Asker: 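Before we start, here is the structure in question, set down as structure tokens.
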Amino acid sequence: LLRGAEQMGMHKAVKPQFGGGMRRFSCEEDNIYENIESELCFFTSQERQSIIKYWLDNLRAKQGEVLHNIHFLEGQPIIPELVARGVILQMFPLHEQRILNQLMTSWVQAVCERQPLDDICDYFGVKIGMYFAWLGFYTNSMLYPAVIGFLLWILAEADQTSQDICCVVFALFNVVWATLFLERWKRREAELAYRWGTLDTPAESLEEPRPQFRV
């Protein structure tokens with residue numbers, strides 16, 4: 001797992017005495033990372049699954065290797081080719097019931113409480129965690145136009161002039177609100193990306209390997 005994390009360029013938290021923050025993992029400097037002493041705590045459930053999938057996707061065929069009547073080229077990835085040919089229909093990890101029960105209590109059944117975004121990210125991955133972070137941020141931000149719109153609706157009189165003025169005011173408010181919403185979300189997104197170690201991750205490292213690719 002450690003070697004896979006290094007090859008994937010995974011970022012992990014560094015101990016405060018070594019400068020803190022996030023740094024790309026290196027086996028040669030493994031002692032500087034937080035929780036490196038614990039096999040269970042160092043990698044999250046999602047990180048372990050990502051590393052295992054990385055190894056499976058990068059299993060390379062030897063020269064002349066044949067599997068299920070498929071002749072592989074030397075160095076060709078095996079699993080993606082089997083998926084592309086329909087030999088393997090699906091690949092997915094099994095759930096961990098203990099963690100699901102914890103999320104059920106702290107997230108699904110919790111009312112009027114903050115989402116456990118770190119727990120969601122640790123279990124489901126950064127993409128799912130970021131999605132629910134955006135959904136919660138958007139829902140909270142919608143409170144402002146909802147309140148202003150309701151107040152303007154109450155204050156608007158029956159005459160057309162008053163209604164037109166309220167519509168113009170609400171339109172101008174929405175322009176300002178949308179601008180502030182986007183800027184605040186950019187800051188929030190960067191904060192979460194830094195916390196989850198994906199701030200400087202290049203886009204190509206997130207793409208699935210192509211079955212036809214050879215090294």
Side-chain angles (χ1 to χ4, degrees), residues 1-13 22-30 33-104 107 116-135 189 192-215:
L1 291 178
L2 296 178
R3 186 63 62 185
E6 182 179 41
Q7 293 187 14
M8 291 177 62
M10 187 176 291
H11 286 71
K12 298 296 294 181
M22 304 290 291
R23 187 181 302 179
R24 184 167 178 167
F25 180 77
S26 173
C27 292
E28 296 180 356
E29 301 177 322
D30 57 359
Y33 300 97
E34 290 187 357
N35 300 320
I36 188 63
E37 298 82 7
S38 173
E39 295 182 3
L40 295 178
C41 298
F42 185 64
F43 289 117
T44 66
S45 174
Q46 186 272 333
E47 287 173 340
R48 290 194 298 270
Q49 294 169 9
S50 297
I51 295 172
I52 293 173
K53 188 176 186 302
Y54 170 81
W55 285 123
L56 290 175
D57 287 338
N58 285 275
L59 288 175
R60 305 283 176 168
K62 299 179 181 179
Q63 184 176 6
E65 189 166 359
V66 179
L67 185 62
H68 289 276
N69 295 323
I70 300 175
H71 295 267
F72 290 91
L73 301 174
E74 183 179 2
Q76 184 178 7
I78 298 176
I79 300 298
E81 181 66 18
L82 294 177
V83 173
R85 296 290 188 92
V87 177
I88 296 178
L89 298 181
Q90 285 184 320
M91 290 177 54
F92 53 88
L94 299 178
H95 279 292
E96 296 185 33
Q97 194 61 43
R98 176 183 59 84
I99 301 179
L100 282 181
N101 292 336
Q102 293 175 356
L103 288 174
M104 181 68 69
W107 183 27
L117 294 177
D118 291 330
D119 295 336
I120 296 172
C121 176
D122 289 344
Y123 188 71
F124 292 104
V126 174
K127 290 183 178 180
I128 302 299
M130 194 67 73
Y131 167 77
F132 281 104
W134 177 86
L135 195 62
E189 182 184 30
L192 293 175
Y194 176 78
R195 185 197 305 176
W196 296 338
T198 59
L199 183 61
D200 298 322
T201 302
E204 56 269 17
S205 66
L206 301 177
E207 297 177 355
E208 294 290 337
R210 296 171 306 210
Q212 297 84 3
F213 180 75
R214 292 181 60 204
V215 295

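Remember, predicted model here, so these are calculated numbers, not experimental data.
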Asker: Could you tell me which non-hydrogen atom of Leu117 sits nearest to which non-hydrogen atom of Phe132, and how far apart they are?
Answerer: CD2-C, 4.2 Å
Asker: With rounding to the nearest 0.5 angstrom, report the CE to CD distance, Met104 to Gln97.
Answerer: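 Answer for the CE-CD pair, Met104 versus Gln97, is 8.5 Å.
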Asker: Please step through side-chain contact (heavy atoms from CB on, under 4.5 Å) for the pair Leu1 and Phe43, ending with a clear verdict.
Answerer: CA-CA 9 Å; Leu1 291 178; Phe43 289 117; 3.8 Å; yes
Asker: Show, in sequence, the C-alpha distance, side-chain angles and deciding distance for Trp134 and Glu189, and conclude whether the side-chain contact (heavy atoms from CB on, under 4.5 Å) test is met.
Answerer: CA-CA 8 Å; Trp134 177 86; Glu189 182 184 30; over 6 Å; no
Asker: With rounding to the nearest 0.5 Å, note down the distance linking CG in Asn35 to NZ in Lys12.
Answerer: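 These two atoms lie 8.0 Å from each other.
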Asker: Taking the side chain as every heavy atom from C-beta outward, state whether Asp119 and Trp107 have any pair of such atoms under 4.5 Å apart.
Answerer: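 No; the side chains remain at least 4.5 Å from each other.
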Asker: Could you tell me the separation between the OG1 atom of Thr44 and the CZ atom of Phe124, rounded to the nearest 0.5 Å?
Answerer: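 Atom-to-atom, Thr44:OG1 and Phe124:CZ are 12.5 Å apart.
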Asker: To the nearest 0.5 angstrom, please state how far the OH atom of Tyr194 sits from the NE2 atom of His11.
Answerer: 10.0 Å
Asker: Once you round to the nearest 0.5 Å, how far does CG of Leu2 lie from CD1 of Ile51?
Answerer: 7.5 Å
Asker: Tell me whether the centres of the aromatic rings in Phe25 and Phe42 are closer together than 6.0 Å.
Answerer: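 Ring-ring flag for Phe25/Phe42: true, centres closer than 6.0 Å.
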Asker: What is the minimum heavy-atom distance between Glu6 and Cys27, and which atoms define it?
Answerer: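 So the minimum-distance heavy-atom pair works out to OE2-N, 3.3 Å.
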Asker: Would you name the heavy atoms of Ser26 and Tyr33 that are closest together and state the gap between them?
Answerer: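 The pair with the smallest heavy-atom distance is N-OH, 3.1 Å.
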Asker: Regarding Trp196 and Asp118, do their side chains bring together a donor and an acceptor under 3.5 Å, going by distance alone?
Answerer: yes
Asker: What heavy-atom pair brings Ala61 and Ile78 nearest, and what distance separates the two atoms?
Answerer: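 Where Ala61 meets Ile78 most closely, the heavy atoms are N-CG1, 3.8 Å.
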Asker: Closest approach of Pro93 and Gln49, non-hydrogen atoms and distance?
Answerer: CG-OE1, 3.4 Å
Asker: Got a second to check how far Gln7's CD is from Trp55's CH2, nearest 0.5 Å?
Answerer: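 Atom-to-atom, Gln7:CD and Trp55:CH2 are 4.0 Å apart.
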